[in-house]
Amino acid sequence: MATTAQTLPQVKRPVGAYDRIFYSGLAVAMAAVVLIGFGPTYFLKLPGSDSMATISGRPFTPLVHLHGAIFTAWVLLFVVQTLLVARHRVAVHRRLGVAGGVLAALMVMVGVSAGIAAAARGAAPPGISPLQFLAIPLGDMLMFTIFVTAALYWRRDKELHKRLMVLAYVSIMAAPVARMPGVMPLGPLGFFGLAFVFALAGVAYDLVSRGRIHRAYLWGAPLLAASVPLRLMISGTEAWKAFAQAITS
């Protein structure tokens with residue numbers, strides 16, 4: 001008996017079908033790195049105990065606690081925002097975006113203040129002077145400001161907006177990454193390189209899901225990468241040392 005082979009129609013998935021899964025997973029993974037990095041040095045320390053000290057051995061100040069609270073709020077808000085989009089709660093996502101903009105502004109103000117205060121106290125990782133190291137956190141805040149401002153400006157372009165928000169988050173990931181076991185001795189190039197893996201994940205996902213890299217990554221990722229050696233180069237100049245001395249004194 002002859003049979004006729006019937007081919008089932010292939011269902012072609014739309015472009016970006018897995019975006020919600022990818023960006024939600026990325027947000028959770030980045031939050032996990034923050035917890036791992038800051039867990040031993042901040043989150044898991046008991047208030048009032050003798051262990052309440054920064055990695056430089058100095059006690060936490062009210063500004064450090066404020067910095068921690070605001071940046072933790074950012075981590076949680078980022079996870080919530082990606083989950084809202086994943087569950088098609090876009091209207092709520094947009095309303096929370098207003099709070100996100102206010103929080104981002106507070107992060108920049110407190111982040112800059114905390115960096116300057118730490119340098120004034122002489123806090124810095126081993127092998128680098130506090131005034132030189134100040135270029136790292138201030139550079140983080142500059143990159144964060146650039147990407148968040150761009151993301152808010154292009155908030156109606158969802159493809160551009162979400163990638164710029166990822167880059168903004170990546171720009172402040174070096175701090176928790178550097179505190180992970182065995183990472184600090186690698187130096188700035190090492191812990192920044194590991195932090196930028198999250199941006200590379202976005203680039204790789206674009207290539208797999210769309211066959212091309214979105215323009216946000218085409219200019220944003222190189223800008224982030226170039227900012228690191230640029231900061232290190234500037235931090236060793238006499239002009240930077242004079243500037244850092246002026247703002248910390």
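What's counted below: heavy atoms across the whole structure, side chains too, no hydrogens, waters or symmetry copies.
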Closer than 3.5 angstrom, by distance alone: can the side chain of [X] be matched with the main-chain N or O of [Y] as a donor-acceptor pair?
{"X": "S249", "Y": "A246", "result": "yes"}
{"X": "W240", "Y": "L131", "result": "yes"}
{"X": "R155", "Y": "H161", "result": "no"}
{"X": "T149", "Y": "I146", "result": "no"}

Report yes if the side chains of [X] and [Y] come closer than 4.5 Å at any heavy-atom pair, otherwise no.
{"X": "L232", "Y": "L189", "value": "yes"}
{"X": "F198", "Y": "V166", "value": "no"}
{"X": "F243", "Y": "I247", "value": "yes"}
{"X": "L103", "Y": "M107", "value": "yes"}
{"X": "L194", "Y": "L186", "value": "yes"}
{"X": "H93", "Y": "V80", "value": "no"}
{"X": "K162", "Y": "D19", "value": "yes"}
{"X": "V170", "Y": "F147", "value": "no"}

* **side-chain contact (heavy atoms from CB on, under 4.5 Å) partners for A216, two or more places apart** =>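 With neighbours one apart ignored, the set is L160, R163, L164, H214.
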* Distance-only donor-acceptor check, side chains R231 and S227, under 3.5 Å ->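 The criterion, which ignores hydrogens and geometry beyond distance, is satisfied for S227 and R231.
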* To do: Evaluate the criterion side-chain contact (heavy atoms from CB on, under 4.5 Å) for residue pair I172 and W74; output intermediate values, then yes/no.
  => CA-CA 11 Å; I172 57 174; W74 169 267; 4.1 Å; yes
* Asked: Looking only at heavy atoms, which two atoms of L134 and A244 are closest? And how far apart?
  ->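 Between these two residues, the closest heavy atoms are CD2-CB, 4.0 Å.
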* Provide the closest heavy-atom pair for V183 versus A178 in the form atom of the first, atom of the second, distance. =>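 Minimum heavy-atom contact is CG1-CA, 3.8 Å.
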* Going through the distances and angles, do Y23 and V85 end up as a side-chain contact (heavy atoms from CB on, under 4.5 Å)? -> CA-CA 9 Å; Y23 284 100; V85 173; over 6 Å; no
* Going by the angle between their ring planes, with limits at 30° and 60°, are H65 and Y42 parallel, tilted or perpendicular? ->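 Tilted, since the angle between the ring planes falls between 30° and 60°.
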Interatomic spacing from [atom1] in [X] to [atom2] in [Y] - rounded to 0.5 Å:
{"X": "L167", "Y": "F144", "atom1": "CG", "atom2": "CZ", "result": "12.0 Å"}
{"X": "L224", "Y": "M143", "atom1": "CG", "atom2": "CE", "result": "7.0 Å"}
{"X": "L77", "Y": "L84", "atom1": "CG", "atom2": "CG", "result": "9.0 Å"}
{"X": "M30", "Y": "T82", "atom1": "CE", "atom2": "OG1", "result": "10.5 Å"}
{"X": "D206", "Y": "F22", "atom1": "CG", "atom2": "CZ", "result": "8.0 Å"}
{"X": "S24", "Y": "I21", "atom1": "OG", "atom2": "CD1", "result": "8.5 Å"}

* Asked: Are Y205 and R210 close enough, and set up right, to give a side-chain contact (heavy atoms from CB on, under 4.5 Å), and what steps lead you there?
  -> CA-CA 8 Å; Y205 176 73; R210 292 163 171 81; 3.8 Å; yes
Would you say [X] and [Y] are hydrophobically clustered, going by side-chain heavy atoms of ILVMFWY under 4.5 Å?
{"X": "V79", "Y": "F71", "result": "no"}
{"X": "L218", "Y": "V197", "result": "no"}
{"X": "L200", "Y": "L207", "result": "no"}
{"X": "V75", "Y": "M109", "result": "yes"}
{"X": "F38", "Y": "L66", "result": "yes"}

* To do: For R87, enumerate each residue passing the salt bridge (charged side-chain N to carboxylate O under 4.0 Å, His left out) test, keeping only those at least two apart in sequence or located in another chain.
  =>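 Counting only residues at least two positions away or on another chain, R87 forms no salt bridge (charged side-chain N to carboxylate O under 4.0 Å, His left out).
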* Going through the checks in order, is the side-chain contact (heavy atoms from CB on, under 4.5 Å) test met by D140 and S171? -> CA-CA 6 Å; D140 286 346; S171 70; 5.8 Å; no
